2 protein chains.
Amino acid sequence: MKPKIKLDKIDRRILEILQANAKITNAQLANEIGLSPAPTLERVKKLEVSGIIKSYHATLNNEKVGLGVSTFVMVSLKGHNKTNIEAFTQAINEIDEVIECHHITGSGDFILKIIAQDIAAYQKLMLEKVTNIEVVDNMQSLVILSTFKDSKVMPIP
Amino acid sequence: MKPKIKLDKIDRRILEILQANAKITNAQLANEIGLSPAPTLERVKKLEVSGIIKSYHATLNNEKVGLGVSTFVMVSLKGHNKTNIEAFTQAINEIDEVIECHHITGSGDFILKIIAQDIAAYQKLMLEKVTNIEVVDNMQSLVILSTFKDSKVMPIP
DNA sequence: TCTTCGCACCAAATAATATTTTGTGGTTCA
DNA sequence: TGAACCACAAAATATTATTTGGTGCGAAGA
């Protein structure tokens with residue numbers, strides 16, 4: 001039996017705050033939501049245990065670590081059958097530079113997000129690892145020129 | 001003068017660990033990288049101050065908070081001039097459901113990532129907020145059917 | 001080569017923070 | 001009405017972060 005969780009206004013506020021800043025102390029968080037530390041912590045733990053909060057991550061400045069190029073890649077497979085899809089996703093999973101892989105509607109089948117040092121490294125990566133995945137029919141790269149928004153805060157309904 | 005930062009193997013390991021799990025304690029982190037807590041903390045602080053670590057975020061389970069639909073949207077503007085681009089990015093910035101906005105090469109001009117409760121909410125959002133941005137010429141929605149990879153860990157070169 | 005400086009580190013003390021415990025009031029349901 | 005259950009607050013305790021002082025090593029200059 002899955003425990004049905006309903007979020008009240010305070011829970012939603014907690015989620016909003018922790019998405020924006022996971023490093024806030026429990027005391028500060030308590031203060032912001034207008035409760036004392038004990039029940040605040042209880043709520044956070046409950047959100048974690050229930051799986052509503054999945055994980056916590058540090059976000060890096062990609063340029064500063066030497067990752068200057070990000071792209072989206074639209075991929076079509078040779079066939080849409082389960083075997084090919086599994087072969088593809090498995091191959092993708094082994095490539096660290098592919099940080100996202102989504103199955104989508106529309107003309108293509110998949111959209112990937114890929115990170116690389118520069119265009120040269122990107123080209124090398126594509127040629128050596130991505131292009132020669134057997135089941136891939138066709139690919140189109142969209143290079144990100146600049147990013148205007150990259151929010152880590154989902155709008156909780 | 002920007003302080004040129006060079007990362008050694010230990011720094012890269014720290015970044016890798018904190019990207020995967022920002023909630024690790026300093027003592028645990030120290031243990032994993034084979035240093036004592038003091039210099040470990042020093043390194044982390046240095047990475048934060050230098051801006052290599054940008055921020056820390058909680059990641060949610062979108063389905064569990066009632067956000068069942070994610071899409072990519074390819075957008076073409078009526079003209080590629082600076083004025084139109086600024087008008088567009090500003091309009092986009094006010095829509096919480098648009099969590100990413102990138103300027104890209106290729107036939108379209110922008111790619112957006114949008115989150116909504118369900119298809120009905122998505123349609124409403126598009127009709128009421130996105131479609132009628134004045135400078136938008138053409139849009140194509142790609143609905144995410146499933147996500148096979150969504151890594152928060154960048155491969156540091 | 002010798003000396004000195006500065007850096008990265010460790011161990012241990014201290015400060016801050018998380019977490020647990022205990023008790024209270026309000027709400028629901030039999 | 002009253003029993004059981006929550007959600008909460010205050011305060012005690014445990015855990016963790018942070019600071020301090022001291023050591024050794026490597027690089028730069030005499």
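Since we're looking at a predicted model, the values are computed, not measured. Proteins get letters first, then strands, A, B, ... in listed order; numbering begins at 1 in each.
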What donor-acceptor contacts under 3.5 angstrom involve side-chain atoms of residues 38-47 of chain B, with partners at least two apart or in another chain?
| residue | atom | partner | partner atom | Å |
| --- | --- | --- | --- | --- |
| B:Thr40 | OG1 | B:Ser36 | O | 2.8 |
| B:Arg43 | NH1 | B:Asp8 | OD1 | 3.1 |
| B:Arg43 | NH1 | B:Asp8 | OD2 | 3.2 |
| B:Arg43 | NH1 | B:Asp11 | OD1 | 3.0 |
| B:Arg43 | NH2 | B:Asp8 | OD2 | 3.2 |

Does atom NZ of B:Lys78 have more than 12 heavy-atom neighbours from other groups under 6.0 Å away?
yes

Taking B:Thr105 for the side chain and A:Val143 for the main chain, is one N or O donor matched with an acceptor at less than 3.5 Å?
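Checked: pair present.
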
Spell out, as yes or no, whether a donor-acceptor pair under 3.5 Å connects the side chain of A:Asn26 to the backbone of A:Pro37.
yes

Measure from [atom1] on [X] to [atom2] on [N] and round the result to the nearest Å.
| X | N | atom1 | atom2 | value |
| --- | --- | --- | --- | --- |
| A:Leu7 | D:dA7 | CG | P | 13 Å |
| B:Leu29 | D:dA17 | CG | C1' | 13 Å |
| A:Glu42 | D:dA10 | CD | P | 15 Å |

So B:Phe110 and B:His103, would you call those rings parallel, tilted or perpendicular, with 30° and 60° as cut-offs?
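Parallel, since the angle between the ring planes stays under 30°.
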
Have a look at the helix from C:dT1-D:dA30 to C:dA30-D:dT1 and give the angle its two end axes make, five pairs each, rounded to 10 degrees.
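Rounded to the nearest 10 degrees, the bend comes out at 30°.
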
Are OP1 or OP2 of D:dC8 and a side-chain N or O of A:Arg43 less than 4.0 angstrom apart?
yes

May I have the list of side-chain donor-acceptor pairs in residues 83-94 of chain A shorter than 3.5 Å, sequence neighbours left out?
| residue | atom | partner | partner atom | Å |
| --- | --- | --- | --- | --- |
| A:Thr89 | OG1 | A:Ile85 | O | 3.1 |
| A:Thr89 | OG1 | A:Glu86 | O | 3.2 |
| A:Asn93 | ND2 | A:Thr89 | O | 3.3 |

Which pairs count as side-chain hydrogen bond (donor to acceptor under 3.5 Å, both in side chains) when at least one residue sits in residues 145-157 of chain B, sequence neighbours excluded?
A:His102-B:Thr147

Please list, chain by chain and in numerical order, all residues satisfying ring-ring contact (aromatic ring centres under 6.0 Å, His included) with A:Tyr56, sequence neighbours excluded.
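A:Tyr56: no ring-ring contact (aromatic ring centres under 6.0 Å, His included) contacts found.
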
Starting at the 5' end of nucleotides 12-20 of chain C, put B wherever the base has a protein heavy atom under 4.0 Å, S where only the sugar-phosphate does, and a dash everywhere else.
-----SSBB

